[in-house]
K.L.:
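Below is the structure I would like to discuss, written out as structure tokens.
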Amino acid sequence: MPELPEAETIVRTLAPHVEGRRIVGLRFHAVRARMGEIPPVEGRVVRRVSRYGKQVLLELDDGALLIQLRMTGALVWNGAPGPYTRAVLELENGAVCFNDIRQFGSIRWLSAPPRNLGPDPLEIPLEAFVRRLEAHRGRIKPLLLDQRFVRGLGNIYVDEILFRAGIHPRARVSRLSRERAARLHRSMEVVLRLAIDRGGSSISDYVDAEGRRGSFQELHQAYGRAGAPCFACGRAIRRIVVGQRGTHYCPKCQRP
DNA sequence: CTTAATGTTCCCCA
DNA sequence: TTGGGGAACATTAA
């Protein structure tokens, strides 16, 4: 469920409730939700809530809880625990439910800040982005989905970004002109910022920490619009499979 | 009953 | 080493 804009929205809506608050307990309702060992966190204070790509970090004094939401994970403040609640973090002033229908998500302990992924797409300068592109060969969509290339993009936003940039999802990275690379860089920033402004995309399950849905799905130009007319040219949006992921694009605006 | 779904990881092959 | 394809994980909805 969460890509960068959803994770960012969760962080922004969760932070005011938990930052500076003392932890009372961390309980797992599903064994698979905990990845690896987690030291006792009772009595420790949540210093900061932040985002690393599409993951959420609850930073304590000497480490952090890293929450991977994967496909259906959610962090809801003071929500009632339900059948899909996999863990609950109790604080002095309330609780955070980690809900996750498909159970792909997990919570793990980090003793040092993560740095295993690529740069944040909202922070990487154009020059660095172009240099990174030049170091790769394959197709553009799988590369943008690779979290080691940039961190935070997922299936929805890659389709939206490529649409806005007018680039075919199967375009070869090595054949992108500098101009198109610049357009891609700009589209990345515009689409992500717009999506954050709209509180993310709620296709099925996604809600922020207040339990509210996002509205960026109403502005999708490509994702989920197979067969519908392109807002730019009127041609039907096409759905293909690229790297095992459903991929939506306009055959006219995104020429091969 | 079959397929696809906002994600990642692992295995095999070129 | 890199990249591509397929499968796996668990659950729901169409």
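Convention: sequence-line order gives letters A, B, ...; per-chain numbering from 1. None of the values given here were measured: they were computed from a predicted structure. Values below: every heavy atom of this structure, side chains too, minus hydrogens, waters and symmetry copies.
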K.L.:
With a cut-off of 6.0 Å (strictly less than), are more than 12 heavy atoms of other residues, nucleotides or ligands near CZ of A:R213?
P.N.:
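For A:R213, atom CZ is crowded (more than 12 foreign heavy atoms under 6.0 Å).
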
K.L.:
Using atom CD1 of A:I203 as one end and atom P of C:dT12 as the other, report the distance to the nearest whole Å.
P.N.:
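From A:I203 CD1 to C:dT12 P: 20 Å.
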
K.L.:
Quick one: is A:Y84 getting a side-chain N or O under 4.0 Å of the C:dA10 phosphate, OP1 or OP2?
P.N.:
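A:Y84 to C:dA10 OP1/OP2: no side-chain N or O under 4.0 Å.
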
K.L.:
According to a strict under-4.0 Å criterion, is A:H136 in side-chain N/O contact with OP1 or OP2 of C:dT2?
P.N.:
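Looking at the OP1 and OP2 atoms of C:dT2, neither is under 4.0 Å from any side-chain N or O of A:H136.
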
K.L.:
With rounding to the nearest 0.5 angstrom, report the OH to CG distance, A:Y249 to A:L162.
P.N.:
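Output value for this atom pair is 12.0 Å.
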
K.L.:
Applying the Watson-Crick and G-U wobble criteria at under 3.5 Å, what pairs with B:dT2? Answer none if nothing qualifies.
P.N.:
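Per the H-bond distance test, C:dA14.
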
K.L.:
Is atom CZ of A:R180 surrounded by more than 12 heavy atoms (other residues, nucleotides or ligands) closer than 6.0 Å?
P.N.:
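Yes, enclosed.
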
K.L.:
Measuring from atom CD of A:E160 to atom CD of A:E3, what distance do you get when rounded to the nearest 0.5 angstrom?
P.N.:
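Interatomic distance, A:E160 CD to A:E3 CD, rounded to 0.5 Å: 10.0 Å.
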
K.L.:
So which nucleotide from C:dG6, B:dT8, C:dG4 ends up closest to the side chain of A:Q147?
P.N.:
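Ranking C:dG6, B:dT8, C:dG4 by closest atom to the A:Q147 side chain puts B:dT8 first.
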
K.L.:
Whole-Å distance between B:dG7 C1' and A:D146 CG?
P.N.:
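The answer, rounded to whole Å, is 12 Å.
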
K.L.:
For the pair made of OH in A:Y223 and P in B:dG7, what is the distance, rounded to whole Å?
P.N.:
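So the OH-P distance, A:Y223 to B:dG7, works out to 8 Å.
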
K.L.:
Compute both the distance and the angle, then confirm whether A:R86 meets the cation-pi test with A:F98: under 6.0 Å from the six-membered ring centre, within 45 degrees of the axis.
P.N.:
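Verdict for A:F98: no cation-pi partner in A:R86.
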
K.L.:
Report yes if a side-chain nitrogen or oxygen of A:R239 is closer than 4.0 Å to either non-bridging phosphate oxygen (OP1 or OP2) of B:dA5; otherwise report no.
P.N.:
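Answer is yes, contact under 4.0 Å.
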
K.L.:
Nearest whole angstrom, please: distance from the P of C:dG3 to the CD1 of A:I140.
P.N.:
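After rounding, the reported distance stands at 12 Å.
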
K.L.:
Provide, to the nearest angstrom, the distance between the CZ atom belonging to A:R172 and the C1' atom belonging to C:dG4.
P.N.:
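About 10 Å, once rounded to whole Å.
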
K.L.:
Using the P atom as the point on both nucleotides, what is the distance between C:dA7 and B:dT2, in whole Å?
P.N.:
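After rounding to an integer number of Å, I get 15 Å for this pair.
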
K.L.:
Taking 4.0 Å as the cut-off, does a side-chain nitrogen or oxygen of A:Q103 come that near to OP1 or OP2 on C:dT11?
P.N.:
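Yes, such a contact exists.
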
K.L.:
Is there ring stacking between A:F104 and B:dT8, where the centres must be under 5.5 angstrom apart and the planes under 30 degrees?
P.N.:
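Aromatic stack with B:dT8 absent for A:F104.
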
K.L.:
For atom CD of A:E37, decide whether the heavy atoms of other residues, nucleotides or ligands shown that lie under 6.0 angstrom number more than 12.
P.N.:
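At most 12 heavy atoms, drawn from other residues, nucleotides or ligands, come within 6.0 Å of this atom.
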
K.L.:
Atom CG of A:D100 and atom P of C:dT11: how far apart are they, to the nearest Å?
P.N.:
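After rounding, the reported distance stands at 10 Å.
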
K.L.:
Think A:R102 has a side-chain N or O under 4.0 angstrom from the OP1 or OP2 of C:dC9?
P.N.:
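Answer is no, no contact under 4.0 Å.
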
K.L.:
Counting only side-chain heavy atoms from C-beta out, which of C:dA10, B:dT8, B:dA5 sits nearest to A:R32?
P.N.:
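Out of C:dA10, B:dT8, B:dA5, the nucleotide with an atom closest to A:R32's side chain is C:dA10.
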
K.L.:
What is the distance, rounded to the nearest whole Å, between atom CG of A:L153 and atom P of B:dT8?
P.N.:
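Result: 10 Å.
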
K.L.:
What integer distance in Å separates A:D205:CG from C:dA14:P?
P.N.:
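After rounding, the gap between these two atoms is 11 Å.
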
K.L.:
Of A:I101 and A:G243, whose nearest nucleotide on DNA chain C comes first from the 5' end?
P.N.:
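Looking at DNA chain C, the more 5' nearest nucleotide goes with A:G243.
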
K.L.:
So what does A:S204 touch, heavy atoms closer than 4.0 Å: a base, only the sugar-phosphate, or nothing?
P.N.:
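Base, at least one base heavy atom under 4.0 Å.
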
K.L.:
Using atom P in both nucleotides, what's the gap between C:dG6 and B:dT3 to the nearest angstrom?
P.N.:
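It works out to 14 Å between them.
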
